[in-house]
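Here the structure is laid out as structure tokens; the discussion comes afterwards.
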Protein chains: 2
Amino acid sequence: MLDERKKKVLAAIIQDYIAHAEPVGSRTIVKRYNLDVSPATIRNEMADLEEMGLIEQPYTSAGRIPSEQGYRYYVDCLMQRKNLSEDEVKFINTCFARKMQELKDVIQKASNVLSELTSYTAVVVEPKMEKSTFKFLKLLPLATNQALLVVVTNTRVIQHRTLNIPEDITHQDLEKVSQVLNSTLQGLTLEEVSRMSLNEIYDEVILQRYMWDKIVELVKDSLFSEEYEERIYIDGTINMLDQPEFKDIDKVKSILKALQEGKILKQVLLERPRPGLSVSIGQENRYEGINECSLITATYEVNGNVVGTLGIIGPIRMDYSRGVSAVDYVTKMLSGFIKKYIEE
Amino acid sequence: MLDERKKKVLAAIIQDYIAHAEPVGSRTIVKRYNLDVSPATIRNEMADLEEMGLIEQPYTSAGRIPSEQGYRYYVDCLMQRKNLSEDEVKFINTCFARKMQELKDVIQKASNVLSELTSYTAVVVEPKMEKSTFKFLKLLPLATNQALLVVVTNTRVIQHRTLNIPEDITHQDLEKVSQVLNSTLQGLTLEEVSRMSLNEIYDEVILQRYMWDKIVELVKDSLFSEEYEERIYIDGTINMLDQPEFKDIDKVKSILKALQEGKILKQVLLERPRPGLSVSIGQENRYEGINECSLITATYEVNGNVVGTLGIIGPIRMDYSRGVSAVDYVTKMLSGFIKKYIEE
DNA sequence: GTTAGCACTCAACCTTAAAGAGTGCTAACA
DNA sequence: TGTTAGCACTCTTTAAGGTTGAGTGCTAAC
């Protein structure tokens, strides 16, 4: 629907604005992007693009800046991925080369790498817990009426201190409960565990009914409490302050607030439906604070199942091309790496 | 060394500047702090105070602002504590009234309350680990060559995944090692444990020598790795952005950077020697970023032993009087509360 | 369809002027 | 000797006016 030259002009405006954060004039386009026409011609094209809503003028006689629609068109139709440079690839590889003990270290590293690489803010949501499979749990006695519940899934260790255990439960009782639960739950996903009525696997040999119910309830509560929720890792928050569009302290504040509020951010990331890479621009993000930003996110997978989301947050004028490449690469890296840390 | 009136004038200047963040003139002082002399007299006093280095003029014909020395004098000699209002006390109490499972929840709450109350940034360093006493550990088999080490001290749970366990160690072996270590280390402080040579408690009945050495080494490494370090809790970081002196994005950036860098902050807090409450002003803090701020910190105690530090960070023009009261109150609150969570 | 030319617009920048806050100093006063 | 009124002076802040320059839109010619 746009002819070749209009596309070229639009791409030039967007690229230039991304690079310099200043309105782009007709002369600049001709010079910098060597189109073989005069500025006047470009001006005509720009008038058309503006009518279509793809670019806009901050004031009557300034150059043009891309509108959110313009960015959208650019991302969908014009942009070509910029491959990562050799150095960048090398950088990523060395970062991941260090030996990491646990899944969470890998995830943390991913967000770290992503923010370093792009100079934007990086976010990684850890793998969905409900898809995790139960490996085992252990109830360790702490005091007469306290026990420490340790749960190990294939993705991570959840640990929770439980109070109010009836005083007359012995160490042996706890041990037995652990054993029964382990043999029953072994290999189930947490989703399945949550749907299960643990009370039913009561075995009168072990304990009195009321004790069993009590403990099982506590275990279940702990399993699906906050500790159970997917954690979110954020890196490079202060990179936001480098963006000229956020030199205004009030804007920065509302953004930082949104970033700090892990819950909102998590919701934003988890709401995105499509598997694979996705870009959302400005107002497309409905939450306060984040609607002045753009997000590039991708889902990472294990064995074909989407398990988590990661991405970068930057100004609407962000370098989508580079960003997409970076997110894409790190996602693949993470997907590949993560297998080692998730035992079946 | 300062006569009464000079003290009054200095106090007036500081209080007014704290409240309004603008240079204070002689007329303002007379009017707002009803001294029964004329502005001219005040001007003479101010000239003296300036000569002494307690106040300064941003430019020739502006009012005066306190110098860092001035604040110091104020904090040491002039300031009187402003008692917390009933509402504030009630607020703190309700915050702490909620049932909290673990020590770390109490600590987190303390930093939360402190930042809410003062509108500054709050920091709490968790109790010193080396003073913690060892309760028990458990080695749980994860895979043929992996075990999960869970350590419980009187202050918290440390959990660490250990790799590279020799493959020929059985579950029973792990259980036995746990038992031996538990009975040996029971009740020792971590400091004592760290000085101890665990290899010596080798018991040939249990395991082959090389296996024992290997495991014991891993346990010790885990015990004194990063997981072992005192964690630091920060709250209200973005409150910094509300301060007019930090409306400049570059200043904010260096401060946020310092705050983000937990290690630096921890060092700053742990360096403060004196037990009890202490205030450090501007340049007295040597670290980049923090030297444009003031700190009010206090140590909290358990049974007369200093175990941790907490405090608030704000602009040099911070409300020391209110801040000191708030820190003091919350410290006492925390000291009192914490006993419940530290079992002997 | 393209381009040169030109009048026009508007932010950005500088200069200048006026206003206002506050000082330091002097001389008078108690 | 300490206090005060008065006044000239300084320096920021704010507003107003003028200039510059980038960039546009339109028209007419190619």
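Keep in mind the model is a prediction, meaning the values are calculated, not measured. Values reported hereafter were calculated over all heavy atoms of this structure, with side chains retained and with hydrogens, waters and symmetry mates removed.
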Roughly how many Å is it from [atom1] in [X] to [atom2] in [N], rounded to a whole number?
{"X": "A:I42", "N": "C:dA4", "atom1": "CD1", "atom2": "C1'", "answer": "15 Å"}
{"X": "A:I29", "N": "C:dT3", "atom1": "CD1", "atom2": "C1'", "answer": "17 Å"}
{"X": "A:L35", "N": "C:dG1", "atom1": "CG", "atom2": "C1'", "answer": "16 Å"}
{"X": "A:E22", "N": "C:dA11", "atom1": "CD", "atom2": "P", "answer": "15 Å"}
{"X": "B:E4", "N": "D:dG2", "atom1": "CD", "atom2": "C1'", "answer": "17 Å"}

Would B:R72 and B:E284 pass as an ion pair if we require N to O under 4.0 Å? yes

Heavy-atom contacts, protein to nucleotides 12-30 of chain C, under 4.0 Å, summarised as B (base), S (sugar-phosphate only) or - (none) per nt, yield ---------BBBB------

Between A:T41 and A:V37 (side chain of the first, backbone of the second, donor and acceptor by atom type, cut-off under 3.5 Å), is there such a pair?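 No: the side chain of A:T41 does not pair with the backbone of A:V37.
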
If we ignore angles and hydrogens, is there a donor and acceptor under 3.5 Å between the side chains of A:Y320 and A:S294?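 Judged by distance alone, the side chains do pair up.
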
Donor-acceptor side-chain pairing of A:N239 and A:T121 below 3.5 angstrom: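 No donor-acceptor contact under 3.5 Å links the two side chains.
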
What residue among B:D235, B:L310, B:I312 forms side-chain contact (heavy atoms from CB on, under 4.5 Å) with B:S111?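 By the side-chain contact (heavy atoms from CB on, under 4.5 Å) criterion, B:S111 pairs with just one of B:D235, B:L310, B:I312: B:D235.
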
Under 4.0 Å from OP1 or OP2 of D:dT3: is there any side-chain N or O of B:T41 that close?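 For B:T41, the contact criterion (side-chain N or O under 4.0 Å from OP1 or OP2 of D:dT3) is not met.
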
Checking base pairs now: Watson-Crick or wobble, both atom distances under 3.5 Å. What partners [N]?
{"N": "C:dG1", "answer": "D:dC30"}
{"N": "D:dT1", "answer": "C:dA30"}
{"N": "C:dA18", "answer": "D:dT13"}

Assess whether side chain to side chain donor-acceptor pair (under 3.5 Å) is satisfied between A:S26 and A:R43, documenting all intermediate values. CA-CA 6 Å; A:S26 51; A:R43 282 204 288 280; 3.3 Å; yes

